[in-house]
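All of these numbers come straight from a predicted model, not from anything done at the bench. Counting starts at 1 for both ligands and their atoms, in listed order. When reading the values below, keep in mind they use all heavy atoms of this one structure, side chains included, and skip hydrogens, waters and symmetry mates.
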Amino acid sequence: MAEKYNDLLQQLDMERLPRHIAIIMDGNGRWATRRCLPRSAGHKAGAEALRRATELCREIGVEALTVYAFSTENWRRSEEEVSFLMSLLIEYLQKEVALMNQQDIRLGFLGDMNGLPAEVRSALLQALQDTAENKHMTLNLAINYGGRDELCRAARRMAGDVQAGLLQPEKIDEAAFAAYLDTADCPDLDLLIRPSGELRLSNFLLFQCAYSELYFSDRMWPEFGKRDLLSAILDYQQRDRRFGRA
Ligand code: FPP
């Protein structure tokens with residue numbers, strides 16, 4: 001029988017919590033199709049799964065949760081699905097702010113904001129502003145995000161700073177580079193979770209994944225519950241992270 005939530009909670013080593021977790025929220029479409037539901041129902045259920053995951057991270061003291069909500073490649077989906085996802089994002093941002101303020105959660109953003117429809121951009125900017133002072137935890141939404149695109153944007157800004165005399169090329173080391181990434185104000189990524197049985201990074205956090213632990217699950221994202229997230233964290237706590245040491 002699957003272990004109970006509270007039993008799993010008891011097993012957590014609070015001294016070895018991942019500080020930063022990222023999730024590729026995959027499997028919404030398959031979850032819905034298997035239930036003879038439209039894909040949009042899968043995305044709706046995916047948004048609920050995100051609420052649960054955020055709640056658990058906050059409860060146990062994870063500092064940052066970063067989720068892949070819409071990739072630079074997702075524009076290739078049908079107009080209907082893209083438009084549904086954009087409306088869902090707006091609804092989520094508008095509804096969630098009150099709860100995030102109650103729970104002292106700050107919203108963060110990863111991606112290219114310029115490529116977003118004006119209504120999404122304005123809902124996002126409002127939510128970022130409304131939660132900016134919150135301290136307990138950060139929830140980062142990656143929207144119109146691609147890892148390669150992030151690296152290009154960072155390189156472009158760095159080149160601009162070099163040109164303007166603000167940055168010396170010989171001073172560009174890993175830490176200086178990381179400061180130009182969308183995750184500049186986040187702790188290093190400790191754990192990356194991908195549900196739905198796919199074993200790929202799909203252009204997510206390419207620089208940040210260098211030393212993070214990877215956890216794959218066959219569950220679809222909408223059915224990925226707090227117990228699954230706890231199991232992933234417990235699995236992470238069993239790993240021997242050597243960072244290149246013997
Ligand atoms: C991948 O599943 C999921 C997405 C492209 C969108 C993720 C969006 C959500 C979880 C909900 C909206 C998020 C917020 C923040 C409100 P898929 O559609 O590729 O699933 P499939 O591989 O089974 O087709």
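In terms of protein heavy-atom proximity, atom 11 (C) of ligand 1 is closest to H43 O, 3.4 Å. Regarding atom 7 (C) of ligand 1, its nearest protein heavy-atom neighbour is A69 O, 3.4 Å. Protein heavy atom at the shortest distance from atom 5 (C) of ligand 1 is N74 OD1, 3.4 Å. Summary of contacts: the protein heavy atom closest to atom 12 (C) of ligand 1 is L88 CD2, 3.6 Å. Scanning the protein for heavy atoms near atom 20 (O) of ligand 1, the closest one is G29 N, 3.0 Å. Looking only at heavy atoms of the protein, atom 14 (C) of ligand 1 is closest to L89 CD2, 3.8 Å.
Counting only residues at least two apart or on different chains, no salt bridge (Lys or Arg N to Asp or Glu O under 4.0 Å) pair has a member in residues 162-178.
With respect to the salt-bridge test (charged N to carboxylate O, under 4.0 angstrom), the residues K44 and E48 do not qualify. One finds no salt bridge joining K135 and D104 here, because no Lys/Arg side-chain nitrogen approaches an Asp/Glu carboxylate oxygen to under 4.0 Å. Ion pair E223/R35 flagged as a salt bridge, since at least one NZ, NE, NH1 or NH2 atom sits closer than 4.0 Å to an Asp/Glu carboxylate oxygen. Residues R51 and E96 are paired through a salt bridge, judged by an N-O separation under 4.0 Å between the basic side chain and the carboxylate.
Side-chain atoms of N28 and H43 form a donor-acceptor pair, as typed in the model, at a separation below 3.5 Å.
Of all the listed residues (M25, R30, K44, R77), R77 holds the heavy atom that lies closest to atom 17 (P) of ligand 1.
Scored by the ring pair (Phe, Tyr, Trp, His ring centres under 6.0 Å) test, Y211 finds F243 as partners (sequence neighbours excluded).
Listed by number with element, the atoms of ligand 1 under 4.0 angstrom from any heavy atom of Y92 are 16 (C). Of all atoms in ligand 1, listed by their number and element, those nearer than 4.0 Å to a heavy atom of L50 are 15 (C).
Using a 30° and 60° split on the angle between ring planes, F177 and F207 fall in the parallel class, below 30°.
A heavy-atom separation below 4.0 Å is found between R39 and ligand 1.
Residue contacts with ligand 1, taken as heavy atom pairs separated by less than 4.0 Å, do not involve V67 at all.
At least one N or O atom of N28 sits closer than 3.5 Å to an N or O atom of ligand 1.
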